[in-house]
Amino acid sequence: MAVATKPKVTPKIYKPEFPIDWCPGCGDFGIVNAIHQALARLNIPRHQVAVVGGIGCSGKAQYHVSTYGVHTLHGRPVPYATGIRLANPHLHVIVVSGDGDSMAIGAGHFVNAGRRNVNFTYLMFNNEVYGLTKGQAGPTLPLGLQTKSLPEPNMNAAVNPLMLALASGYTWIGRGYSYNIRHLVNLIVQAIEHPGSAFLDILQPCPTYNDLHTKEWFAGEDIGHGRLYDLQEEGYDPVIPQDADEDTVRAKLLRFIEKAQEWGDRIPIGVFLVNKNIDMYEERINRRVGNYFETPPAVRPLADENGITLTDLSPIFDEYLMT
Amino acid sequence: MVKQSDELSWRVGGPQGSGVDTAAGIFQRACAIAGLHVFGRREYYSNIKGRHSYYDVRVAHYPLTSHREQVDLLVTFEPESLARHALAVVPGGAIVYNVRDADVPLEKITFLDARVRADLTAYLAEHELPATTAGVLEDARRRGVQVYPVPYNEITQQLAERLGVPKAIADRTLNTIAVSISAAMLDFPAEYVVRGMAHVFKGRQKIIDLNTEAIHLAYQYVHEHFDTEPFAFRLDAEKEHPPRLLLNGNQAVGLGKLAGGLTFQTYYPISPATDESVFLEAHSTFPLRNGQQGSVVIVQTEDELSAIAMASGAALTGARSATATSGPGFSLMVEALGWASMNEVPVVITLYMRGGPSTGMPTRTDQADLLFAIRAGHGDAPRIVLASGDLEEAFYDAAQAFNYAERYQMPVIHLVDKALASTTQTLEPFDLRRVHIERGLIAPPLSSPNGTGPYPRFEPSETGISSRVLVGTPGRIHWFTGAEHTELGRVTEDPVVRERMMEKRMRKLETAAREIPPEEKVRVYGDEHATFTIVSWGSTKGAILEALRRLAKKGVRARFVQVRLLWPFPADELRPYLEDADPLVVTELSYSAHIDALLRETTGIGADYYVLKYSGRPFAGEVLYTVFQRIHAGDAERRIVLHNPWE
């Protein structure tokens, strides 16, 4: 493996020297630390990574990773990330997006990214509220709950991100917790290594605006045991092997659905799905154009030494030449 | 070539899905193969099957730049086209129609718009004729138009018998037969029709054989049954001629993008832009002159916001990246257009204008997106806007748009419209040696990537331009953000940095205005020293050029100032022409004459006359000629809106 020959790097090199303006105790800190550690473990050169964020507290995460960082528009990190990755498939692209960014304003992009299966890692910072605008209900906040800055209980039901990811076609689906960093690093490493769209739902307290699903709530202080448990420790196998038959696929999906419904006193985290049965979009492009990985859009030569275009249109002209 | 005139205006009409495009395709190719110059114009509804569409094909021994509203030869095979277009046929011209359509009441024609039916009924009543196709045909006869009934059904029956194929199969050649009848009436050699048809049905030998037989039967029918002596038009082939391309506007833009080094294009389906992306997808691999294979990645996105965002993401990595859309799609893109301005992203947006606002008229033309293209978005957001006047310009401009985008590091909006998109034209093959690639300032990679600090990609400079970093470049990491940012691309709300960065971005417009040569901004046609001055932009060029030629023949001195760069607006280059204009005539396909607002805003000089059209149909040269003549004679109101109820 090429990775073994590279000099070892520490998470520190991915940490820029700028102050961070998240609230003290914010779950985002844990996620950003996990990103640093995952990149270090994979030993990916900084310039080969693009972290692409949306708008909101989550969207600031790319400022705290010392790689190329792209702070886009509310709900739109996915199309930007897709463009970056498809133009240069030698880059590692990581989307950092909140639950509002992903499941509300950007839901259309979220769904359609699943249909494509471009190779990127999607980290959804799920705190159930719109923090930066002072705590309105996010699309993952359950119906009827009232977090502290809501004047009335939530009128909308919650979307289940795992189910939406499954229905959309994400080929790697997992869930982590921002304060279980070791576990989270493992998940992010697997998500980055997965050749396709990997969606990681990261449960994350918002200490300022979400007074219901707090660090203490996840720790289960009210019920005497932690609410989160690791699927893999219970023997859940998320893998749909390549060329799996229909029955295997169906059985896997039913098990996934069952697990994705669990909430309340027992909440599963870990890897829910690894679907090896679907190729990534980049492979489909390559089958169409032949030399995609050798000369992807970002690096294809355009001009000769005199600056004249290299494009030869004569075969196309022949098609339209009236002879 | 013809007895009466040196050119021919030919029209075919029919329900969509019935082969109108195929018919026009055969006729245009036949004429082009015969060495004639062709100008085609397609009008159609936003509909898949059943609604009326028609195609004008104008042919001549010299290059053409506009369609004509009058028709010399009308080819129909169902009653609606007969009803809609018979009035456009000139005396001495001819109508070909299906014998069974000789007497159809207008009220039985399902898709004839109520307004057309009412106006036509009133016209016929005025001439004491019934509201039927019989009335329409009688009116034509009285006006000196020859009418030729064709028993299509008998001909296809004969075809079926001769080839031993089912009648339903033979019936599919209806459009070929209609074209061939008209070609035979013109004494145009059948050989060209066969070749034109074979070009349309490329390689599908069974279909080609069937249609070849249909062509011969149609010619035979005309020779045996028609007296074409009173029909005044004939069409000859050109003896010596270079082979020419036959292209439409979508294809010309697509080819220009390929020439300009496009490697990544996104789109969401929308009329009339989609055909460009589909064309590109069908031609996504091609040779490069260095022996490598060239390719372009085409992505169909979930919406237009995604299309521009994805194209912008690709552009960040160094891809020459574009998207193509129309008004409603461009409205959606505005959010990300601002992001591209803010992050100095060289992304190209081809905007095919169509009738607005809202859904408007998806398949009809308009120029009323000009001010929107220039102003779209919140905040002061720099962009370059250029507009092409014809298919040749569309090709070279599509390539040049990338150079502007990369030199000035901002989005470029390339304005074309539905009229250009669906214009088909014979053209000399484009010269790719004229296509230069200029990539602007790009920071080179560094050798020790991990040890270096972030790179000041957005560092202010005298020109406003700073070195772009292609995402993935070793040693140059930095950030991008739609928020106001420092030179490293990190968020700032500091008032001084804000001013500096705003000035940096906006200064690039001044640099562009200074550097872009005058001939790329403004072109003047006709008599440069004339004072009769027509100012326009975009697809109106062809019709204005024809009007100018006709004016010149009448001894009227006039010039046409074509504005090609719309933003930054070339006020300095225009001012000399505006100052001595007498009169200044603004010509635009819009209600409110957008370009006049720009002239007034930037030079203080506005139009004396407005020639406008907003029916969704393009100007015809012959019509503009008569309007300009009236203006020249001092016999016109200030605001002239052109109408044609039969288009």
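A quick note: this is a predicted structure, and the numbers were derived from the prediction, not measured. Per chain, numbering begins at 1; letters A, B, ... match sequence-line order.
- Looking at B/Arg195, the atoms closer than 4.5 Å to chain A (heavy atoms on both sides) all sit in the side chain, from C-beta outward.
- Only the side chain of B/Thr285 comes within contact range of chain A, judged by heavy atoms closer than 4.5 Å.
- Between the side chains of B/Thr473 and A/His47, not a single donor N or O lies within less than 3.5 Å of an accepting N or O.
- Residue B/His478 touches chain A through both its backbone and its side chain, counting heavy-atom pairs closer than 4.5 Å.
- Residue B/Arg439 touches chain A through its side chain alone, counting heavy-atom pairs closer than 4.5 Å.
- With a threshold of 4.5 angstrom between heavy atoms, B/Leu245 approaches chain A through its backbone and through its side chain.
- Ring geometry for A/Tyr170 versus A/Phe199: interplanar angle of 30 to 60°, hence tilted.
- Considering only heavy atoms from C-beta on, B/Met197 stays 4.5 Å or farther from B/Val200 through its side chain.
- Of the options A/Phe29, A/Trp22, A/Tyr14, A/Phe18, a ring pair (Phe, Tyr, Trp, His ring centres under 6.0 Å) to A/His64 is made by A/Trp22 and by none of the others.
- Using the six-membered ring where Trp is involved, A/Tyr63 and A/His71 have ring planes that are perpendicular, over 60° apart on the 30 and 60° scheme.
- There is no contact between B/Ala315 and chain A, counting heavy-atom distances below 4.5 Å.
- Comparing B/Pro429, B/Pro454, B/Ala336 by how many heavy-atom pairs each has under 4.5 Å with chain A, the most go to B/Ala336.
- Residue B/Leu247 touches chain A through its side chain alone, counting heavy-atom pairs closer than 4.5 Å.
- Of the two parts of B/Glu438, neither the backbone nor the side chain holds a non-hydrogen atom closer than 4.5 Å to a non-hydrogen atom of chain A.
- Most heavy-atom pairs under 4.5 Å with chain A, from the set B/Phe286, B/Phe480, B/Trp339: that is B/Trp339.
- For a residue to count as touching a neighbouring chain, one of its non-hydrogen atoms must lie under 4.5 Å from one of that chain's; by this rule B/Tyr192 does not touch chain A.
- For B/Gln292, the part lying near chain A is the side chain, with the backbone staying farther off; criterion is any non-hydrogen pair under 4.5 Å.
- For the pair A/Lys60/A/Leu132, a side-chain contact is recorded, criterion being any heavy-atom separation below 4.5 Å from C-beta on.
- Using a 4.5 Å cut-off between heavy atoms, B/Val469 touches chain A through its side chain atoms alone.
- Between chain A and the options B/Gly318, B/Ser312, B/Pro287, B/Ala32, the largest number of non-hydrogen pairs under 4.5 Å is found for B/Pro287.
- Counting only heavy atoms from C-beta outward, the side chains of B/Leu470 and B/Leu316 never approach each other to under 4.5 Å.
- In this structure, the portions of B/Ala259 lying under 4.5 Å from any heavy atom of chain A include both its backbone and its side chain.
- Heavy atoms closer than 4.5 Å to chain A are found in both the backbone and the side chain of B/Phe430.
- Taking 4.5 Å as the limit, some side-chain heavy atom of B/Arg476 sits within range of a side-chain heavy atom of A/Tyr68.
- For the set B/Ala483, B/Gly472, B/Pro243, B/Gly294, the entry with the most heavy-atom pairs within less than 4.5 Å of chain A is B/Gly472.
- Proximity to chain B among residues 308-319 of chain A is limited to A/Ile308, A/Thr309, A/Leu310, A/Thr311, A/Asp312, A/Leu313, A/Pro315, A/Ile316, A/Phe317, A/Glu319, judged by heavy-atom separations below 4.5 angstrom.
- For B/Leu427, no part lies under 4.5 angstrom from a heavy atom of chain A.
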